[in-house]
Student: 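I have a structure I would like to understand better, so I am pasting it below and will then ask my questions one at a time.
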Amino acid sequence: MLAPLSLMAQKFGHFNSQAIINIMPEYATAQQELQVLGKQYEDDLQRMQDEFRRKYEEYQKEQANLLDNVRARREAELQDLSERIQQSAQDNQQAYQKAYQEKMQAIFDKVTAAVKTIGEAGGYVYIMDVTSGIPYISEKLSVDITPELKKALGI
């Protein structure tokens, strides 16, 4: 008989992490930094592709007049440059993903720390993130901590 009453006294909270993160200054800064990084990688790759294109066009113009050993060396150079372009694209993508994960993890950690602080201070049993695919959260029985979270994060 007392168990249902004790359940009613428990506090539950919810928030939308995506809505919070999207308005954080750290998120805007991270997006700008990632945009600059992405542009740098894109420019580097474009320079390599332009070099390949230029060398390939030169090779095509001179191919008929080249000795066999020079032709083979030029083809090997073109093949090597093509492989370096592919490797560079792969490396850039991995480096970008790593930078993205590091920047976003720092933001997630800040949100998580603020949620924990609010949870402890407010005596919450659970605080759930509605963006994590929870099928249903009763907004009547659960407190939306978004305003408190914004305040704790300084936004």
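As a basis for the values below, the full set of heavy atoms in this structure was taken, side chains included, without hydrogen atoms, waters or symmetry mates.
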Student: Which residues satisfy the side-chain hydrogen bond (donor to acceptor under 3.5 Å, both in side chains) test with Glu62, sequence neighbours excluded?
Tutor: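 With sequence neighbours excluded, Glu62 shows a side-chain hydrogen bond (donor to acceptor under 3.5 Å, both in side chains) to Arg74, given in chain and number order.
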
Student: Is the count of non-hydrogen atoms from other residues, nucleotides or ligands lying under 6.0 Å from Lys103 atom NZ greater than 12?
Tutor: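 Atom NZ in Lys103 is crowded, with more than 12 foreign heavy atoms closer than 6.0 Å.
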
Student: List the steps and the verdict of side chain to side chain contact (heavy atoms under 4.5 Å, CB included) for Gln32 and Val36.
Tutor: CA-CA 6 Å; Gln32 289 173 341; Val36 167; 5.7 Å; no

Student: Tell me whether the count of non-hydrogen atoms from other residues, nucleotides or ligands lying under 6.0 Å of CD in Gln93 goes above 12.
Tutor: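 No, the 6.0 Å shell around CD holds no more than 12 heavy atoms from other groups.
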
Student: What's the verdict on side-chain hydrogen bond (donor to acceptor under 3.5 Å, both in side chains) for Gln79 and Glu83, showing C-alpha distance, side-chain angles and the deciding distance?
Tutor: CA-CA 6 Å; Gln79 180 64 33; Glu83 289 171 2; 2.9 Å; yes

Student: Mind checking the NE2-CG spacing from His14 to Leu141? Nearest 0.5 Å is all I need.
Tutor: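 The CG atom of Leu141 is 11.0 Å from NE2 of His14, to the nearest 0.5 Å.
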
Student: In terms of heavy-atom contacts, does OH of Tyr100 have more than 12 from other residues, nucleotides or ligands at under 6.0 Å?
Tutor: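 12 or below, so no.
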
Student: Regarding Gln35 and Gln31, is there a side-chain donor-to-acceptor distance under 3.5 Å anywhere?
Tutor: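 Side chains of Gln35 and Gln31: no pair found under 3.5 Å.
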
Student: For Leu153 and Met24, which heavy atoms make the closest approach, and how far apart are they?
Tutor: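 Minimum heavy-atom separation between Leu153 and Met24: CD1-SD, 4.3 Å.
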
Student: Would you list the atom pairs, donor with acceptor, under 3.5 Å between side chains in residues 111-137 and any protein atom, with sequence neighbours excluded?
Tutor:
residue	atom	partner	partner atom	Å
Thr112	OG1	Phe108	O	2.9
Thr117	OG1	Ala113	O	3.0
Asp129	OD1	Ser17	N	3.1
Asp129	OD1	Ser17	OG	3.2
Asp129	OD1	Thr131	N	3.0
Asp129	OD1	Thr131	OG1	2.7
Asp129	OD2	Ser17	OG	2.5
Asp129	OD2	Thr131	OG1	3.0
Thr131	OG1	Ser17	OG	2.9
Ser132	OG	Asp129	O	2.7

Student: Working to the nearest 0.5 Å, report the span between OH of Tyr41 and CG of Leu34.
Tutor: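 Spacing of OH (Tyr41) from CG (Leu34) equals 10.0 Å.
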
Student: Rounded to the nearest 0.5 Å, what separation is found between the CD atom of Gln90 and the CD atom of Gln87?
Tutor: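 Interatomic distance, Gln90 CD to Gln87 CD, rounded to 0.5 Å: 5.0 Å.
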
Student: For Leu45 and Ile85, which heavy atoms make the closest approach, and how far apart are they?
Tutor: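 Answer, listing the atom of Leu45 first, then Ile85: CD1-O, 3.6 Å.
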
Student: Verify side chain to side chain contact (heavy atoms under 4.5 Å, CB included) between Gln46 and Gln49, making sure each step is shown before the conclusion.
Tutor: CA-CA 5 Å; Gln46 187 62 50; Gln49 289 171 339; 3.7 Å; yes

Student: Does Gln105 have more than 12 heavy atoms from other residues, nucleotides or ligands lying within 6.0 Å of its CD?
Tutor: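 Enclosed: over 12 neighbouring heavy atoms sit under 6.0 Å from CD of Gln105.
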
Student: For Ala76, does its backbone N or O pair with a side-chain atom of Asp80 as donor and acceptor, under 3.5 Å?
Tutor: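 Not confirmed, Asp80 side chain does not pair with Ala76 backbone.
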
Student: Would you compute the distance between atom NZ of Lys11 and atom CD1 of Ile145 and round it to the nearest 0.5 angstrom?
Tutor: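 Output value for this atom pair is 10.0 Å.
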
Student: Are Arg53 and Glu57 close enough that some pair of their side-chain heavy atoms sits under 4.5 Å apart?
Tutor: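 With C-beta onward as the side chain, the pair touches.
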
Student: Write down the atom of Met104, the atom of Ile21, and the distance for their closest heavy-atom approach.
Tutor: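 Of all heavy-atom pairs spanning Met104 and Ile21, the closest is CE-CG2, 4.1 Å.
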
Student: Mind checking the CG-CZ spacing from Leu81 to Arg84? Nearest 0.5 Å is all I need.
Tutor: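 Leu81 CG to Arg84 CZ: 5.0 Å, rounded to 0.5 Å.
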
Student: Do NZ/NE/NH1/NH2 and the carboxylate oxygens of Lys39 and Asp43 come within less than 4.0 Å?
Tutor: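 Here Lys39 pairs with Asp43 in a salt bridge, since their nearest N and O are under 4.0 Å apart.
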
Student: Starting at CG of Leu37, measure out to OH of Tyr96 and round the result to the nearest 0.5 Å.
Tutor: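 If I round to the nearest 0.5 Å, the distance is 7.5 Å.
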
Student: Gln60: what forms a side-chain hydrogen bond (donor to acceptor under 3.5 Å, both in side chains) with it, not counting sequence neighbours?
Tutor: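 If we apply the side-chain hydrogen bond (donor to acceptor under 3.5 Å, both in side chains) test to Gln60, skipping adjacent residues, the hits are Tyr56.
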
Student: Report yes or no: do Phe12 and Phe15 belong to one cluster of Ile/Leu/Val/Met/Phe/Trp/Tyr joined by side chain heavy-atom distances under 4.5 Å?
Tutor: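 Shared cluster, no.
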
Student: Please determine whether a side-chain nitrogen of the Lys or Arg among Arg47 and Glu51 lies less than 4.0 Å from a carboxylate oxygen of the Asp or Glu.
Tutor: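 Salt bridge flag = no for Glu51 with Arg47.
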
Student: What verdict does the side chain to side chain contact (heavy atoms under 4.5 Å, CB included) test give for Arg54 and Glu58, after you've listed the backbone C-alpha separation in whole Å, the side-chain angles of each residue and the deciding distance to 0.1 Å?
Tutor: CA-CA 6 Å; Arg54 183 182 49 76; Glu58 285 176 17; 3.2 Å; yes

Student: Kindly determine whether Glu139 and Asp144 satisfy side chain to side chain contact (heavy atoms under 4.5 Å, CB included), including the steps that lead there.
Tutor: CA-CA 7 Å; Glu139 293 188 17; Asp144 184 359; over 6 Å; no

